[in-house]
Chemist: 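Please see the structure below; I have some questions.
Below, read A as the first sequence line, B as the second, and so on, with proteins coming before strands; counting in each chain starts at 1. These values consider heavy atoms only, across backbone and side chains, with no hydrogens, waters or symmetry-generated copies.
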There are 2 protein chains.
Amino acid sequence: MLTEERHQFIRDRLAAEGKVLAGELASRFGVSEDTVRRDLRELAKAGQLRRVYGGAVASAPFAASTISQRGSHAVEEKMRLARAAVGVLAAGQTLFIDGGTTNEAIARAIPRDIELTVATNSLGVASALADLPLVELIMLGGRYIRDLGTCVGGDTLAAVAQLGADLFFLGSCGLDASRGVTAFDSAEAEVKRAMARNSAGIVIAATNDKLATAAPYRVAAADAIRHLVVERTAPAAILADFERQGAEIHVA
Amino acid sequence: MLTEERHQFIRDRLAAEGKVLAGELASRFGVSEDTVRRDLRELAKAGQLRRVYGGAVASAPFAASTISQRGSHAVEEKMRLARAAVGVLAAGQTLFIDGGTTNEAIARAIPRDIELTVATNSLGVASALADLPLVELIMLGGRYIRDLGTCVGGDTLAAVAQLGADLFFLGSCGLDASRGVTAFDSAEAEVKRAMARNSAGIVIAATNDKLATAAPYRVAAADAIRHLVVERTAPAAILADFERQGAEIHVA
DNA sequence: TTTCTTTGTGCACATTCTTGCATGATATGC
DNA sequence: GCATATCATGCAAGAATGTGCACAAAGAAA
């Protein structure tokens, strides 16, 4: 990876999120934090960002507008969840990743230097993974549903049926200890079920607003969840319910 | 391989990807890295690129952001081609669109108010179409090839086989009146052939640098081209050859 | 044809750039 | 104040680069 590319990525990220973290960039790029710090130093010298402890933020003129516009609380929280979620990955694994903004954040958080095989029906996830050199990306085709950002339908199901994965990153709509994982859409639920069936373990990263809610279509039982990634502020009682059913809880 | 050919390839690659790697070019051209560096030095002196450690990137004014979006100075020309190309569309049609920066430009040029069904194996095209409300988008899944930006392989072929289209927007690598349409990659060519087989007509939008060139793998004969969209400056003699074989010429 | 010149190419060597690690300094959170 | 995380600096190894030189191919001149 060219130095210039890292700089460009940092500029883009700053424009989009308003800030970057040194450690996160390092794992994303697959270089040491020293190198990232050198990059940040250079960019700071060129006035393209302002260094802060732990990373950097967009330089003054842009800071106000960009951060307030895009760096909403939810984005922030999802990135934190994403960083914790990628912690369960091991090199060489095969993954299913379905749609949703949280899963897209996870895809963006996957470091550059880990070798994975990923099958996804989400355009957003695929785009995020498209330039990771060590990720073998399999696009699960089908009818694209605009509201979901994913492909569903018979073709998608057929493609999923041909694959097997170690982990399935399930973008849940509702998550309840008794009712399990649920989705709003029938076709969407069907694809998720197929992915769950063909995976050894399910990983769910859920913001607080998903906890203890349910949608019409059942995707999986609560005891099928192997890893549950939640915010620091998630209600302990709810987490205990999931833990009792075998989920490993990861606090972001 | 002529020096000038290498220079042209480097310019093209830079326009398409925004960067080139010295080592990669050397193995691609079958010459030593020294020679590539000499090429890069010359092009840099002519202001056509900016050298960086490890290769070169598109020169300053377009020091762009994401891989897919930018096409350097050729972007203007491609947009013009794209606007002309969408002129052949009629409401209600079904299309195949494969990969390439020109096809991505075409996808972005499709107006919001036209109803279409589009099947594509290109992530870039799919992303461009994802938010067009009247476009029914079918993603053709498969193994994603980073260099091409498209999905290829058996799954892709199977998905194509189930569909039929009115028009196929073929992203050509080489285009020659006698040798027909050709591609650089075997798997890529296979998918293109399948799409051509299942379409009533082929549409090609080609910048001048594609005309009268050929790549190893044959995709379709020249007389299979129904619409050929070219720049205003395209050599008339070449166009006449295609016209004789039944192509309708559209000048952007 | 032979010879000379020009051009393009590859190789060897010295130089420069980049990167990761070690060390000590500084900032942050409790 | 202390433990921890983050940072700057110096250094060494490896990668990329520039330069000089030799060699081969193509064309011009004899």
Side-chain angles (χ1 to χ4, degrees), chain A residues 1-11 13-14 17-59 63 76-77 79-80 82-84 86-87 91 109 111-115 132-134 231-233 250-252, chain B residues 1-11 13-14 17-60 63:
Chain A
M1 172 167 225
L2 262 38
T3 304
E4 185 58 32
E5 287 182 278
R6 291 198 308 271
H7 288 192
Q8 192 55 50
F9 185 93
I10 292 170
R11 277 188 288 260
R13 192 71 164 235
L14 274 177
E17 316 265 356
K19 69 160 190 182
V20 291
L21 303 180
E24 188 188 333
L25 290 174
S27 68
R28 170 80 190 188
F29 293 150
V31 300
S32 74
E33 298 202 9
D34 300 67
T35 302
V36 170
R37 270 191 280 276
R38 261 183 276 255
D39 289 338
L40 296 180
R41 227 173 299 170
E42 282 184 51
L43 290 170
K45 196 163 186 175
Q48 309 202 26
L49 54 76
R50 197 161 52 82
R51 296 209 57 191
V52 296
Y53 197 83
V57 297
S59 52
E76 179 87 8
E77 196 49 59
M79 283 179 57
R80 219 197 321 273
R83 280 194 293 276
V86 298
R112 217 160 207 284
D113 58 354
I114 184 171
E115 189 180 335
L132 294 187
L134 299 183
E231 304 181 41
R232 208 185 305 276
T233 54
H250 304 261
V251 176
Chain B
M1 176 166 220
L2 260 40
T3 305
E4 187 51 36
E5 288 181 278
R6 291 198 308 271
H7 286 195
Q8 190 54 51
F9 185 94
I10 292 171
R11 276 189 287 261
R13 189 69 166 237
L14 227 35
E17 314 226 344
K19 68 150 187 178
V20 291
L21 303 180
E24 191 186 325
L25 290 174
S27 67
R28 175 127 203 167
F29 294 149
V31 300
S32 73
E33 298 202 9
D34 301 63
T35 302
V36 170
R37 270 192 281 276
R38 263 183 277 256
D39 290 338
L40 295 181
R41 225 172 311 179
E42 284 183 49
L43 290 170
K45 196 162 187 176
Q48 310 203 27
L49 54 77
R50 193 161 55 84
R51 295 204 60 190
V52 296
Y53 197 84
V57 298
S59 49

Chemist: So, is A:Ser32 near the phosphate of C:dT19, with a side-chain N or O under 4.0 Å from OP1 or OP2?
Modeler: no

Chemist: If every non-hydrogen atom of A:Phe29 is compared with every non-hydrogen atom of A:Met1, which pair is closest and at what distance?
Modeler: CD2-SD, 3.8 Å

Chemist: Side chain of B:Tyr53: nearest nucleotide among D:dG14, D:dT6, D:dG18?
Modeler: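 Of D:dG14, D:dT6, D:dG18, D:dG14 is nearest to the side chain of B:Tyr53.
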
Chemist: Looking at C:dG10, does its base get a donor-acceptor pair with the side chain of B:Arg38 below 3.5 Å?
Modeler: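 Such a pair exists between side chain and base.
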
Chemist: Between A:Glu42 and A:Arg6, does any NZ, NE, NH1 or NH2 come within less than 4.0 Å of an OD or OE carboxylate oxygen?
Modeler: no

Chemist: Would you mind reading off the distance between B:Lys19 atom NZ and D:dA16 atom P, rounded to a whole angstrom?
Modeler: 13 Å

Chemist: For B:Val52, report the nucleic acid contact type (base, sugar-phosphate, nothing); a contact means any heavy atom under 4.0 Å.
Modeler: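 Touches sugar-phosphate only.
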
Chemist: Can you figure out which of D:dC7, C:dG10, D:dG18 approaches the side chain of B:Val31 most closely?
Modeler: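 The listed nucleotide nearest to B:Val31's side chain is C:dG10.
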
Chemist: Where the side chain of A:Thr3 is concerned, which of C:dT28, D:dA15, C:dT19 is the nearest nucleotide?
Modeler: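 Of the candidates, C:dT19 comes closest.
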
Chemist: Are A:Arg37 and A:Glu33 within salt-bridge range, i.e. N to O under 4.0 Å?
Modeler: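 Here A:Arg37 pairs with A:Glu33 in a salt bridge, since their nearest N and O are under 4.0 Å apart.
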
Chemist: Figure out the CG/P separation between B:Asp39 and C:dT7, and round it to whole Å.
Modeler: 16 Å

Chemist: Report yes or no: is there a donor-acceptor pair, N or O only, under 3.5 Å between the side chain of A:Asp34 and the base of D:dC7?
Modeler: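 When only heavy-atom distances are counted, A:Asp34 does not reach the base of D:dC7 through any donor-acceptor pair under 3.5 Å.
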
Chemist: Under 4.0 Å: is that the gap between some side-chain N or O of B:Arg6 and OP1 or OP2 of C:dT9?
Modeler: yes

Chemist: Could you give the distance from CG (B:Leu49) to CG (B:Leu40), rounded to the nearest 0.5 Å?
Modeler: 6.0 Å

Chemist: If each of A:Arg37 and B:Gly54 is mapped to the nucleotide of DNA chain D with the nearest heavy atom, which maps nearer the 5' terminus, i.e. the 5' end?
Modeler: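 Mapping each residue to its closest nucleotide by heavy atoms, the 5'-most match is A:Arg37.
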
Chemist: In this structure, how many angstroms lie between the P atom of C:dT26 and the CZ atom of A:Arg51, rounded?
Modeler: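 In whole Å, C:dT26 P lies 16 Å from A:Arg51 CZ.
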
Chemist: If I take atom CG in residue A:Leu40 and atom P in nucleotide D:dT6, what distance separates them, rounded to the nearest angstrom?
Modeler: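 In whole Å, D:dT6 P lies 13 Å from A:Leu40 CG.
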
Chemist: Taking NZ, NE, NH1 and NH2 as the nitrogens, is one of them in A:Glu5 or B:Lys19 under 4.0 Å from a carboxylate oxygen of the other?
Modeler: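 Counted as a salt bridge, because a side-chain N and a carboxylate O are separated by less than 4.0 Å.
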
Chemist: Could you state the atom-to-atom distance from CZ of A:Arg112 to C1' of C:dT19 in whole Å?
Modeler: 16 Å

Chemist: Round to the nearest Å and state the distance from B:Glu42 atom CD to C:dT7 atom P.
Modeler: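 Value for this atom pair: 12 Å.
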
Chemist: What is the distance from CZ of B:Arg50 to C1' of D:dT17, rounded to the nearest Å?
Modeler: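 Nearest whole value for this atom pair: 17 Å.
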
Chemist: Just how far, in rounded Å, is C1' of C:dC17 from CD of B:Glu33?
Modeler: 15 Å

